[in-house]
Amino acid sequence: MSKLQVRAFLYQLGCFAILFIAGRYIVAMYTGLTGFWIPMTAFIVATLISPKFQAVKTKDGEKLYMKWIFIKGIREIG
């Protein structure tokens, strides 16, 4: 794995973790779900709304890109 692939993995993991923890808290506090359904719902929500990062080899070298449902198109990350 290259440095950018590792960075993409860490960014994706960090964003997912933040959204999962926030989602788990919100689901536990504001819904009537209990037990196994709290983390399952938070997992599904975090998976759907977290940004996707990918390292791509181009003719100019390897670049890091991000796609997110709240942003139109694909963005290049510096």
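In this chain, numbering begins with 1 at the start of the sequence shown.
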Between [X] and [Y], is there a shared hydrophobic cluster once you connect ILVMFWY residues whose side-chain heavy atoms come closer than 4.5 Å?
X: Y11; Y: I18; result: no
X: V56; Y: M1; result: no
X: L48; Y: I26; result: no
X: I74; Y: F70; result: no
X: V27; Y: W37; result: yes

A side-chain contact here means heavy atoms from C-beta on lying under 4.5 Å apart; do [X] and [Y] qualify?
X: F20; Y: P39; result: yes
X: I77; Y: R7; result: no
X: Q5; Y: E62; result: yes
X: I69; Y: I49; result: yes

More than 12 heavy atoms from other groups under 6.0 Å of NZ on K63: yes
All ring-ring contact (aromatic ring centres under 6.0 Å, His included) counterparts of F43, not counting sequence neighbours: F16
Nearest heavy-atom neighbours spanning P51 and L19: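 Shortest heavy-atom separation between P51 and L19 comes out as CD-CD1, 4.5 Å.
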Whether W68 side chain and F53 backbone form a donor-acceptor pair below 3.5 Å: no
Reported CZ-to-CE distance for the pair R75 and M66, which is rounded to 0.5 angstrom: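 So the gap between those two atoms works out to 6.0 Å.
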